[in-house]
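A short write-up of the structure that comes next.
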Amino acid sequence: MLDPAMIDALFPVDLPEPAHLEERYPPRQLPEGAQVTRFGPSPTGYVHIGNIYVAMIDQNVAHQTGGTYLVRIEDTDQARVVEGAVEQLQRAFEFFGTRADEDDNDGAYGPYHQSQREAIYLSYARQLLREGKAYLCFATEAELTDIRKRQEAAKLPTGYYGKWAIWRDADPALVQAKLDGGTPYVVRFRSPDAPKPRAEFTDMIRGRLSAEDNRNDAVILKSSVNPLRLPTYHFAHAVDDHLMRVTLVIRGDEWISSVPLHLQLFDALGFTPPTYAHIAPLMKQIPGGKRKLSKRKDPEAGVEFYVKAGYPTEAILYFLRGLANGQLAELPLPEALEAPIQLEDCGVAGPLVDLVKLEDISADYIATLSAEQVLTALHPWVADHDPDLLPVLENENAKALAALAVEREGVDNPRKDLRKWSDFREAYGFFFVQLFTPVTADDDRLAGLKLDPDVVRAFANDFAAKYQELDDPQEWFNQIRTLAAEHRFAPNPKEFKKNPEAYPNGSIREASQIVRVALTGSTRSPDLFAVARVLGAD
RNA sequence: GGCCCCGUCGUCUAGAGGCCUAGGACGUCGCCCUCUCAAGGCGGUAACGCCGGUUCGAAUCCGGUCGGGGCUACCA
């Protein structure tokens with residue numbers, strides 16, 4: 001063991017003692033059964049939809065138990081920290097309603113940026129060193145690589161353990177010499193001399209789990225060459241979650257294999273470990289199987305994708321909740337959003353992010369909204385993502401409302417033509433003259449009808465000349481029927497099928513389509529009468 | 001390589017030894033309605049990864065195998 005004076009000389013003299021920190025961050029006064037959860041994003045400038053997925057579960061579990069949900073910025077890897085990333089995360093949380101109860105803006109257990117907690121980590125690292133539960137390691141990167149290569153060649157488990165752990169029991173004089181020479185070092189955890197054969201623990205989602213116990217001397221404090229002496233994830237997890245009095249750690253299942261190490265760390269530090277719940281990752285369908293949603297390969301892995309497309313928050317949340325708890329997907333949306341997420345009911349497999357399903361949910365959801373509600377929800381999206389559309393929407397508010405109301409309000413089965421806000425322009429753009437491109441007789445949009453442009457022109461002109469604004473839908477449509485008959489269109493498709501030669505121009509379908517395209521510039525639209533009513537005579 | 005986790009229709013799942021010739025939802029296909037599109041109605045399609053074992057009886061229990069995922073970093 002190293003000399004206490006030598007250890008203390010490595011640290012600032014004014015470092016607080018662990019006992020002081022224990023006092024400074026006392027146990028929380030919370031009702032029985034209340035869970036304190038936390039979400040720990042790294043500010044790398046990219047928000048993964050899986051981040052929101054886990055944050056949502058964290059928040060929900062905390063709130064349903066009367067506990068607290070906190071967000072801690074895990075920026076111990078300073079090289080990966082990106083300017084503005086925290087604000088970006090904040091915006092995402094805002095968008096998805098996963099605002100933290102506790103963070104740097106408001107909370108008694110901070111700071112909530114790991115980079116601002118250096119003194120805390122150092123205090124506990126010093127403590128472990130004093131107790132001989134940690135040691136200094138001067139191994140260079142090259143030496144470490146060499147060790148790993150030799151282990152691989154010998155088909156041994158890789159790692160810093162046993163005879164490979166060259167600094168674990170190094171001569172204190174040698175350590176001092178390295179120190180005197182200014183050689184950089186890391187602090188490693190001294191894993192138990194006699195580890196249990198198996199580490200066992202209970203996961204809230206998977207039940208009883210076990211693995212070989214950890215025998216690696218993991219790094220807990222990164223290199224002393226760094227201006228900031230920051231910890232690795234493992235050490236920060238133990239220290240922060242203890243001091244922030246977190247009771248339930250919900251995280252991705254890639255952490256399962258680190259639990260034995262974490263348990264040893266909690267034990268060495270004299271902390272009570274939290275309960276763990278390991279969430280299966282969101283997956284992506286690929287030919288022949290599935291894999292984890294990848295930031296690099298899959299646009300839908302990023303939160304930006306959903307925001308840009310303009311999926312309503314409610315729809316995304318409902319979708320994510322359904323992935324977390326299958327039963328919630330069977331519930332109607334309003335109930336599902338209110339229902340608690342049960343960790344026991346979380347799947348263990350890793351659900352696929354199925355955009356088709358999301359679109360279906362989204363279309364169903366938007367169909368339950370009134371025209372006014374649609375417009376209210378649409379507005380902020382347009383402001384952020386379609387600046388040209390914004391003035392149109394604002395200047396023609398009444399028309400927008402009337403357009404959205406077509407086949408939406410007062411009907412049994414509302415239209416489901418909006419799956420996301422970015423669909424609006426295509427589905428409703430023609431209601432606004434500013435967005436309309438005039439149609440000509442030989443227009444591409446009419447090409448599908450395979451009609452002579454002269455016939456089209458004649459019919460359209462005639463229609464325009466004789467057009468009357470009638471109140472009754474049937475009478476209104478009769479205008480087209482009458483005109484169609486004059487222009488030798490069959491009165492209905494059946495008639496046309498029976499006797500195609502008699503109707504060279506086709507049937508009422510084709511005639512209607514001419515009117516539709518002329519009116520809307522689109523081959524698809526809501527009911528023609530309703531459209532004409534909103535459009536008026538212009 | 002070592003160690004973990006996982007495996008029911010294309011997808012999300014129901015299923016906790018007989019209620020299962022495996023149910024629902026989304027998708028998909030067909031039909032109906034119809035002036036287009038969307039919606040809606042009706043119907044069809046489609047799964048217990050594989051092999052052994054336990055049992056009168058297995059999707060459900062056990063073993064193996066295959067497949068997928070993860071960890072094996074001074075990244076989280």
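Since we're looking at a predicted model, the values are computed, not measured.
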Rounded to whole Å, please give me the gap between [atom1] in [X] and [atom2] in [N].
{"X": "A:Leu328", "N": "B:rA14", "atom1": "CG", "atom2": "P", "result": "12 Å"}
{"X": "A:Lys357", "N": "B:rG24", "atom1": "NZ", "atom2": "C1'", "result": "10 Å"}
{"X": "A:Ile73", "N": "B:rC75", "atom1": "CD1", "atom2": "P", "result": "18 Å"}
{"X": "A:Leu89", "N": "B:rA76", "atom1": "CG", "atom2": "C1'", "result": "13 Å"}
{"X": "A:Glu335", "N": "B:rA25", "atom1": "CD", "atom2": "P", "result": "17 Å"}
{"X": "A:Glu152", "N": "B:rA73", "atom1": "CD", "atom2": "C1'", "result": "13 Å"}
{"X": "A:Arg206", "N": "B:rC4", "atom1": "CZ", "atom2": "P", "result": "14 Å"}
{"X": "A:Leu263", "N": "B:rC4", "atom1": "CG", "atom2": "C1'", "result": "15 Å"}

Paired with [N]: which nucleotide, if any, by Watson-Crick or G-U wobble criteria at under 3.5 Å for both distances?
{"N": "B:rG10", "value": "B:rC26"}
{"N": "B:rG1", "value": "B:rU72"}
{"N": "B:rA39", "value": "none"}
{"N": "B:rU21", "value": "none"}
{"N": "B:rC61", "value": "B:rG53"}

What's [X] touching, base or sugar-phosphate or nothing? Going by heavy atoms closer than 4.0 Å.
{"X": "A:Ser258", "value": "nothing"}
{"X": "A:Ser223", "value": "base"}
{"X": "A:Ala329", "value": "nothing"}
{"X": "A:Pro41", "value": "nothing"}
{"X": "A:Thr44", "value": "nothing"}
{"X": "A:Val186", "value": "base"}

Using the [atom1] atom on both, measure [N] against [M] and round to a whole Å.
{"N": "B:rA39", "M": "B:rC32", "atom1": "C1'", "value": "14 Å"}
{"N": "B:rG53", "M": "B:rA58", "atom1": "P", "value": "12 Å"}
{"N": "B:rU60", "M": "B:rA14", "atom1": "C1'", "value": "13 Å"}
{"N": "B:rA16", "M": "B:rG23", "atom1": "P", "value": "14 Å"}
{"N": "B:rA47", "M": "B:rU8", "atom1": "C1'", "value": "6 Å"}
{"N": "B:rC6", "M": "B:rU13", "atom1": "C1'", "value": "16 Å"}
{"N": "B:rC26", "M": "B:rA46", "atom1": "C1'", "value": "13 Å"}
{"N": "B:rC5", "M": "B:rA25", "atom1": "C1'", "value": "28 Å"}

Within the structure, does a side-chain N or O atom of [X] lie under 4.0 Å from either OP1 or OP2 of [N]?
{"X": "A:Thr158", "N": "B:rA73", "value": "yes"}
{"X": "A:Arg198", "N": "B:rC3", "value": "no"}
{"X": "A:Lys416", "N": "B:rC37", "value": "no"}
{"X": "A:Lys155", "N": "B:rC3", "value": "no"}
{"X": "A:Thr232", "N": "B:rC75", "value": "no"}

### Task
Scan side-chain atoms only and decide if A:Glu300 and A:Tyr306 contain a donor-acceptor pair under the 3.5 Å cut-off.
no
### Donor on one side chain, acceptor on other, A:Gln114 and A:Asp240, under 3.5 Å
yes
### Query
Taking for each residue the nucleotide of RNA chain B bearing the nearest heavy atom, is the 5' side occupied by A:Gly40 or by A:Arg208?
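The residue closer to the strand's 5' end, by nearest nucleotide, is A:Arg208.
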## Note on the structure
RNA chain B nearest-nucleotide lookup for A:Pro351 and A:Asp253: closer to the 5′ end is A:Pro351
### Query
Is the side chain of A:Asp354 donor-acceptor paired with the backbone N or O of A:Val356 at a distance under 3.5 Å, no angle test?
yes
Nearest to the side chain of [X] - [options]?
{"X": "A:Ser512", "options": "B:rU11, B:rG7, B:rC35", "answer": "B:rC35"}
{"X": "A:Asp354", "options": "B:rU11, B:rG7, B:rG27", "answer": "B:rU11"}
{"X": "A:Leu209", "options": "B:rG27, B:rC5, B:rC12", "answer": "B:rC5"}
{"X": "A:Ala349", "options": "B:rU36, B:rC74, B:rC6", "answer": "B:rC6"}
{"X": "A:Arg516", "options": "B:rU11, B:rA76, B:rU36", "answer": "B:rU36"}
{"X": "A:Glu330", "options": "B:rA73, B:rG24, B:rA39", "answer": "B:rG24"}
{"X": "A:Glu212", "options": "B:rC3, B:rG70, B:rC26", "answer": "B:rC3"}
{"X": "A:Ala211", "options": "B:rC74, B:rC4, B:rG27", "answer": "B:rC4"}
{"X": "A:Arg80", "options": "B:rC74, B:rC12, B:rC75", "answer": "B:rC75"}
{"X": "A:Arg148", "options": "B:rC12, B:rA76, B:rA73", "answer": "B:rA73"}

### Query
Between A:His262 and A:His234, what is the ring plane arrangement, given parallel below 30°, perpendicular above 60°, and tilted in between?
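Answer is tilted, since the angle falls between 30° and 60°.
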### Query
Do the ring planes of A:His48 and A:Tyr46 sit parallel (below 30°), tilted (30 to 60°) or perpendicular (above 60°)?
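A:His48 and A:Tyr46: perpendicular rings.
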### Residues, nucleotides or ligands: over 12 heavy atoms within 6.0 Å of A:Gln116 CD
yes
### Query
If you draw a 6.0 Å radius around CD in A:Glu344, do more than 12 non-hydrogen atoms from other residues or ligands fall strictly inside?
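Atom CD in A:Glu344 is packed in, count exceeds 12.
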### Query
Of A:Phe266, A:Trp255, A:Tyr121, which is the lone residue that meets ring-ring contact (aromatic ring centres under 6.0 Å, His included) with A:His237?
A:Phe266
#### Entry: A:Trp167/A:Tyr185 aromatic ring centres below 6.0 Å
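They do not qualify: ring centres at least 6.0 Å apart.
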